[in-house]
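Quick note: numbers below take in every heavy atom, side chains included, and nothing from hydrogens, waters or symmetry partners.
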Amino acid sequence: MRHEISGGHAVVLGGSMAGLLTARVLTEHFSRVTIVERDELTGEWAGDPEADPREREVRRGVPQGRHAHGLLAAGLNVVEELFPGAAEELAGAGVPSGDVLGNVRFCASGHRLRQVPIGMTALSFSRPYLENYLRAKVFALPGVRVRGGTDVVGVEADAGRARVIGAIVQGRGAGRAEVLPADLVVDATGRGSRAPRWLAELGYERPREEELHVDLAYVSRHFKVDPALLDGDIAIIIGPSAAAPRGGAVMLQEAGRAVITLFGILGDHAPLDDAGWRAYARRLPLPYVADVIDASVPLDDAVKFRYPGSTRHRYDRLRRFPKGFAVLGDAMCSFNPMYGQGMSVAGVEALRLRDQLALDGVARFDALRFFRSVRPVIDIPWQIATGGDAALPGVNGPRDLPTRMVNRYLERLYAVAARDEVVSLAFSRVTNLLDPPAALLRPGIAARVLAGRRMATA
């Protein structure tokens with residue numbers, strides 16, 4: 001799709017995954033794009049993490065970067081659309097790759113879902129390596145400028161406060177803040193976004209906030225892992241269940257390493273000491289993660305990342321919003337990371353931003369229409385994450401009859417998916433954000449689930 005370049009200037013606040021994908025999209029509409037990021041950034045990607053360990057360095061602004069990350073099929077599709085050939089290039093540089101169902105071992109409620117190749121690529125990488133790769137691609141684009149080591153102070157509006165006309169920024173060590181003029185400012189600063197406060201200061205209503213508290217903690221270590229231990233898989237994921245609300249993941253990575261993450265909710269967090277961490281892994285519903293740990297060589301000590309809960313800012317329900325401003329990524333909705341949705345959702349949102357700019361034109365871009373266009377993009381992963389969390393004991397989520405019925409149905413579906421590849425494929429397409437959750441209730445799938453349940457209990 002070809003887009004008309006406005007010749008204007010766009011500013012992206014935040015240089016993480018959401019900001020990078022957004023900046024790439026904005027180069028199709030603006031002749032100049034500036035990324036403002038508090039961390040110092042480089043545009044280097046050596047492509048060989050063995051030769052250059054800087055490829056694995058975690059930025060201060062991404063504390064979760066030491067832990068397991070994944071791109072769902074929908075997210076990898078976005079990366080491929082924006083950077084054609086990316087999956088092949090990353091695999092060629094040593095990133096483990098395979099089939100999204102055939103080579104990813106997913107376990108739910110104590111059941112290992114049946115694995116069959118379905119022709120969709122999956123990559124297993126470290127967050128810093130993927131981010132460095134995309135950063136190099138974006139920074140090399142014509143018209144892209146980077147302001148690293150720079151804090152975002154606020155946004156500047158016109159006299160009538162109807163339009164944002166720039167970002168107020170301050171370089172580290174600089175005495176005074178300055179206004180960076182812009183035709184469009186996009187907030188991709190993540191969970192810590194101050195956009196609601198900025199709106200209030202400009203006389204606009206704050207978006208309503210929805211939250212689901214889970215007090216999740218990731219505790220992770222890197223290991224030297226023999227890939228043969230995974231029997232052809234590139235990742236093992238054991239999800240939590242009502243009976244055992246904890247989980248773990250083994251993700252092969254570039255440079256012959258693997259990250260092993262253990263996670264639990266509501267204070268049931270893995271210890272940091274070696275013996276306690278290993279014992280926690282042994283108490284997961286299935287032994288796959290613990291078996292890999294016991295047969296592998298640790299490369300570092302355990303580190304912890306704590307996540308309070310999913311948060312959604314309902315920008316889509318506002319009636320007024322200033323022109324020249326938009327919000328996306330975790331700044332709009334932040335999901336429980338154990339579902340692996342954040343980067344993929346941000347990528348789809350970036351494509352919707354591109355579409356809205358094409359429809360409206362840069363000068364007439366309406367953020368409210370954009371927010372409403374991404375509502376279904378967020379609704380699906382939000383339903384998956386909050387619905388899954390609500391099924392866990394102690395989580396103060398919805399307990400109405402429809403929610404309880406859906407959760408009981410899913411328990412049956414997991415058991416059937418352990419031996420039925422059609423049901424397993426349907427579930428994989430939903431969790432990879434290719435199909436809506438309602439796809440699991442279609443007559444063909446529901447009949448298999450109910451028939452399989454009857455056979456299991458006969």
Donor-acceptor contact present, side-chain S296 to main-chain I293, <3.5 Å: no

Which side-chain N or O atoms in residues 91-102 pair as donor and acceptor under 3.5 Å with protein atoms at least two apart or in another chain?
| unit_1 | atom_1 | unit_2 | atom_2 | d |
| --- | --- | --- | --- | --- |
| D99 | OD1 | L101 | N | 3.0 |
| D99 | OD1 | G102 | N | 2.8 |
| D99 | OD1 | I118 | N | 3.0 |
| D99 | OD2 | I118 | N | 3.0 |
| D99 | OD2 | G119 | N | 2.7 |
| D99 | OD2 | M120 | N | 3.4 |

Within residues 288-297 or reaching into it, pairs that qualify as salt bridge (Lys or Arg N to Asp or Glu O under 4.0 Å) - sequence neighbours excluded: R278-D294, R282-D291, R282-D294

From L26 atom CG to S31 atom OG, the distance as rounded to the nearest 0.5 Å: 11.5 Å

Geometric cation-pi criterion R352 and F370, 6.0 Å radius, 45° cone: no

Stepwise side-chain contact (heavy atoms from CB on, under 4.5 Å) check, Y218 with K304: CA-CA 6 Å; Y218 274 13; K304 187 173 185 177; over 6 Å; no

Residues E37 and R135 bridged, charged N to O under 4.0 Å: no

Short side-chain to backbone donor-acceptor contact, D151 and V153, under 3.5 Å: no

Main-chain N/O of S428 paired to N432 side chain as donor or acceptor, under 3.5 Å: yes

L410 and L440: CA distance, side-chain angles, deciding distance, side-chain contact (heavy atoms from CB on, under 4.5 Å) verdict: CA-CA 9 Å; L410 288 175; L440 299 178; 4.0 Å; yes

Short N-O contact, E40 and R147, less than 4.0 angstrom: no

Expected output: side-chain S344 to main-chain L72 donor-acceptor under 3.5 Å: yes

CD1-CG distance between I35 and L20, expressed to the nearest 0.5 angstrom: 5.5 Å

Heavy-atom donor-acceptor pair, H69 side chain to H67 backbone, under 3.5 Å: yes

Worked check of side-chain contact (heavy atoms from CB on, under 4.5 Å) between V11 and L184: CA-CA 6 Å; V11 172; L184 177 65; over 6 Å; no

Cation over ring face, R246 and Y280, 6.0 Å, 45°: yes

Gap separating the CZ atom of F139 from the CG atom of L134, nearest 0.5 angstrom: 10.5 Å

is_close_aromatic(Y133, F83), centroid dist under 6.0 Å: no

Note: R448-E421 ion pair, threshold 4.0 Å (strictly below): no

Side-chain touch T150/Q170, heavy atoms, less than 4.5 angstrom: no

Y315 side-chain N/O to A326 backbone N/O, donor-acceptor pair under 3.5 Å: no

Test: R114 and D420 ion pair at under 4.0 Å: no

Distance (rounded to the nearest 0.5 Å) between Q115 CD and D231 CG: 9.0 Å

Closest heavy-atom pair and its distance - G267, D215: N-OD2, 3.3 Å

Residues forming a side-chain contact (heavy atoms from CB on, under 4.5 Å) with R375, sequence neighbours excluded: R312, R314, D316, R372, D379

Any donor-acceptor pair under 3.5 Å from E80 side chain to A86 backbone: yes

Heavy-atom pair with the smallest gap, counting every atom of V423 and A417: CG1-CB, 3.9 Å

Least distance between heavy atoms, R24 atom then T27 atom: O-OG1, 2.6 Å

With sequence neighbours excluded, residues passing ring-ring contact (aromatic ring centres under 6.0 Å, His included) with F325: F321

side-chain contact (heavy atoms from CB on, under 4.5 Å) assessment of L433 paired with I384: CA-CA 10 Å; L433 303 183; I384 292 171; 4.1 Å; yes

Under 3.5 Å side-chain donor-acceptor pair for S193 and D187: yes

Side-chain H-bond candidate by donor/acceptor type, H9 with D183, under 3.5 Å: no

Pairing residues for N77 by the side chain to side chain donor-acceptor pair (under 3.5 Å) criterion, not counting sequence neighbours: none

S124 versus L252, closest heavy-atom pair with distance: OG-O, 2.5 Å

Side chains of S220 and T261, donor plus acceptor under 3.5 Å: yes

Polar side-chain atom of S126 near backbone of Y129 as donor-acceptor pair, under 3.5 Å: yes

E211 (side chain) donor-acceptor with T311 (main chain) under 3.5 angstrom: no

ring-ring contact (aromatic ring centres under 6.0 Å, His included) partners of W277, counting only residues at least two apart: F223

Min side-chain heavy-atom separation T34-V146 under 4.5 Å: no

From CA spacing to verdict: side-chain hydrogen bond (donor to acceptor under 3.5 Å, both in side chains), S16, R127: CA-CA 10 Å; S16 196; R127 166 66 180 265; 2.5 Å; yes

D274 atom CG: more than 12 heavy-atom contacts under 6.0 Å: yes

Axial cation check for Y307 ring with R191, 6.0 Å and 45° limits: yes

Within 6.0 angstrom of E88 CD, more than 12 heavy atoms from elsewhere: no

I380 side, atom CD1; D435 side, atom CG - distance, nearest 0.5 Å: 8.5 Å

A108 backbone acceptor or donor facing R112 side chain under 3.5 Å: no

Sub-4.5 Å side-chain heavy-atom contact between V104 and D233: no

Inter-residue atom distance F263.CZ - L216.CG, 0.5 Å rounding: 7.5 Å

Taking every non-hydrogen atom, the tightest pair across R221 and P298: NH2-CB, 3.3 Å

Minimum heavy-atom distance between L13 and V185, given as atom pair plus value: CD1-CG1, 3.8 Å

